[in-house]
Amino acid sequence: MRAAVIGLGVEGKKATMAFLKNNWNVYATDLKTDIDLEDLELPLDNSFFINENAITISTNNLIIDLGYNDIETIDSCDAVMLSPSMWKTELAMDIVSSGNHISDFLTKHKNIPTIGITGTNGKTTTVHMLKEILENSGKKVLVGGNAGGGFNGYCDIILEAENEDYDIILIEVCDMTLSYCDYCFDFDLIGLTNIGNDHMDVHESLENYKSKVIKFSNGKKTFLDKNLNYYDEFENNLINQELDDNKSEKVLDDESESIMDEDENLFLNDNEIESNKNSEIFSYDEYLGELKVFGKFNRLNAGLASSIATYLGVSGDVIVNTLKNFKPVEGRLKIFELNDSKIFIGKTDNSDAVKSLLDEKYFYAAFVGTPRVNEKHRFDILNTVANSNPEVIVLFPGLDDTVDHGLYRLKSIGYEGRIEVANNLDEIIGFIAEYSHEDAIFIGGNGQEKIIEIQERLKALSDICD
């Protein structure tokens, strides 16, 4: 079989690899030419063609066009995987109406009970907690999610569901792909961790983001933090509103500037078309049992995982024993000890994530990985860190080398403490060693890969010290 992959961002590249792993022939394309294809691990003996506006790369079972979409080739493919960033564009409408989208071509995944975990922070930890609980109760669980979050991408879930029999599918749903995922998967149950200040370049406001989550939760059993600011609004909308109110509205899509009105019904899955009569809300609170992971925020993650597992009939003993032994996920918050200091390190890529940790502990030094230049809302992390008044803030390149922007932000808000810059891993470790006789150090912000590198180095150092 042959698949077309349109859009070669992180999700598109993961989809390409998933198809190749499953012995499909693939036509992959992107209108941009400056795409980093290193992740695809292309063989050295590929054919390479360049003209003024486009690049074509060809191997035995893969053709890549950059700067050009060959519509005839796309139409000739058995199935099409579209990048979530292109959802609800005219091209997406054509693919959906043809029935060739991968989620319509392969449908076994839609017959498996499916749980979606979404929200701003805590999704990955909650997914892994729930996965371990379900597996320890004897369930065979297919886990996946947003490729940018460390999983193999949404397409991989669809393909893997065809290969084996699973009891449950568990998906981490990125808040920027809600509409896309709602079409591709038939969610029976949704767990919402929280709604916070991230991806505002896409959502534009918390109000817009909240409305998207409410729409995504329509027609499903939804688990909400009982102290969520918007709890009553969710309850009123999910229980009382009718879907027809949504169908008549012009909707500005999550990931594009295209506005759809009368054609929006193309993007509704069977659950949405039926109505919201199955909407039901369940509340959860902090988990009070023994945990190895730190913080109130992780107690809420555990509370969500525990509540869903209880609803699914998992015994209390399995839940308690699993959570008691649960270890932090790679890249997420871990605690190391070095000399006299406890070092709290993990991806905390928005101001709400950082605040949830800084509210619980004072840190002498705060190391912050910088975001991409266009992610202005993520520089709000520095405001939150500065408000906690550490003696020193160390900036390092995270997702992008925007340290200069970070320095400008700190100076503009009047931070009066010491500011340092660490340009590489060795310099970061040097500053950590300098402050390792203080009580506590925080390392976070943006750049998951960089943070994992620091974690690995810290583990080696702490093992040596032990």
Side-chain angles (χ1 to χ4, degrees), residues 18 101-119 122-146 149 151-174 177-193 213 215-224 234 238-239 243 268-284 301-319 322-323:
H101 190 268
I102 186 64
S103 64
D104 297 317
F105 183 77
L106 299 177
T107 59
K108 185 178 174 182
H109 66 286
K110 295 184 178 181
N111 298 319
I112 303 171
T114 302
I115 301 169
I117 303 297
T118 192
K123 298 184 295 295
T124 302
T125 296
T126 303
V127 163
H128 283 274
M129 285 177 169
L130 184 54
K131 169 183 177 289
E132 291 189 17
I133 292 171
L134 294 173
E135 288 180 339
N136 289 340
S137 72
K139 300 295 184 184
K140 187 173 182 179
V141 185
L142 172 55
V143 178
N146 168 43
F151 293 96
N152 287 330
Y154 300 124
C155 184
D156 188 73
I157 300 171
I158 296 170
L159 293 170
E160 181 57 29
E162 297 287 323
N163 296 333
E164 295 191 39
D165 293 326
Y166 289 92
D167 297 312
I168 292 175
I169 298 177
L170 179 57
I171 304 175
E172 177 183 314
V173 181
C174 172
T177 63
L178 295 172
S179 177
Y180 178 83
C181 287
D182 211 11
Y183 181 86
C184 292
F185 303 99
D186 283 353
F187 292 101
D188 301 284
L189 189 154
I190 298 298
L192 176 66
T193 57
V213 179
K215 184 177 180 184
F216 175 65
S217 303
N218 183 62
K220 308 172 184 72
K221 295 175 176 62
T222 302
F223 284 70
L224 303 175
F234 268 79
L238 291 180
I239 303 303
L243 182 65
L268 299 177
N269 63 22
D270 292 340
N271 286 345
E272 290 178 292
I273 291 172
E274 285 178 6
S275 83
N276 68 340
K277 63 184 179 182
N278 295 321
S279 295
E280 196 170 355
I281 291 178
F282 301 85
S283 64
Y284 68 90
N301 296 335
L304 175 53
S306 173
S307 295
I308 293 174
T310 300
Y311 174 82
L312 295 175
V314 179
S315 74
D317 287 345
V318 170
I319 294 171
T322 302
L323 292 175

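Only this structure's heavy atoms are used, side chains among them; waters, hydrogens and symmetry mates stay out. Nothing here was measured: the structure is a model prediction, and the numbers come from that model.
Surrounding CG of Asp165 are at most 12 heavy atoms belonging to other residues, nucleotides or ligands under 6.0 Å away. More than 12 heavy-atom neighbours from other residues, nucleotides or ligands sit within 6.0 angstrom of NZ on Lys108.
Distance check, rounded to the nearest 0.5 Å: OG1 of Thr222 to CZ of Phe187 gives 11.5 Å. Interatomic distance, Ile117 CD1 to Ile190 CD1, rounded to the nearest 0.5 Å: 7.5 Å. Note: Ile157 CD1 to Ser103 OG = 11.5 Å, rounded to the nearest 0.5 Å. Atom CG of Leu312 and atom CD1 of Ile115 lie 5.0 Å apart (nearest 0.5 Å). The distance from the CD1 atom of Ile171 to the SG atom of Cys184 is 9.0 Å, given to the nearest 0.5 Å. Note that OG1 of Thr125 and CG of Leu130 are 12.5 Å apart. Values are rounded to the nearest 0.5 Å.
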N/O donor to acceptor pairs below 3.5 angstrom from side-chain atoms of residues 301-311, sequence neighbours left out:
residue	atom	partner	partner atom	Å
Asn301	OD1	Thr126	OG1	3.4
Asn301	ND2	Phe297	O	3.3
Asn301	ND2	Asn298	OD1	3.1
Ser307	OG	Gly303	O	2.8
Thr310	OG1	Ser306	O	2.8

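Residues satisfying the side-chain contact (heavy atoms from CB on, under 4.5 Å) test with Glu132, not counting sequence neighbours, are Thr322, Phe326. In terms of the ring-ring contact (aromatic ring centres under 6.0 Å, His included) criterion, residue partners of Phe151 (sequence neighbours excluded) are, by chain and number, His128. Contacts of Asp317 classified as salt bridge (charged side-chain N to carboxylate O under 4.0 Å, His left out), with partners at least two apart in sequence or in another chain: none. Shown here are the side-chain contact (heavy atoms from CB on, under 4.5 Å) partners of Leu106, two or more places apart in sequence or in another chain: Trp24, Ile102, Ile158, Leu159, Glu162. Here Lys131 pairs with Glu135 under the salt bridge (charged side-chain N to carboxylate O under 4.0 Å, His left out) rule; sequence neighbours left out.
The closest donor-acceptor contact from the side chain of Thr114 to the backbone of Ile112 lies under 3.5 Å. Counting only distance, with no hydrogens or angles, the side chain of Lys220 and the backbone of Asn218 share a donor-acceptor pair below 3.5 Å. Lys110 places no side-chain N or O within 3.5 Å of a backbone atom of Asp104 that could act as its donor or acceptor partner.
The heavy-atom pair separating Thr124 from Glu172 by the smallest distance is OG1-OE1, 2.6 Å. Summarising the geometry of Gly219 relative to Ser279, their closest heavy-atom pair is N-OG, 2.8 Å, with the distance given to 0.1 Å. Here the closest heavy-atom approach between residue Ala18 and residue Asp156 is recorded as CB-OD1, 3.7 Å. Residues Tyr284 and Leu192 come closest through the heavy atom pair OH-O, 2.8 Å.
In this pair, Tyr154 and Tyr180 present their aromatic rings tilted. The plane angle is within the 30 to 60° band.
Looking at Thr118 and Phe216, their side chains come closer than 4.5 Å, going by heavy atoms from C-beta outward. With contacts defined as side-chain heavy-atom distances shorter than 4.5 Å, the pair Phe234/Val213 qualifies.
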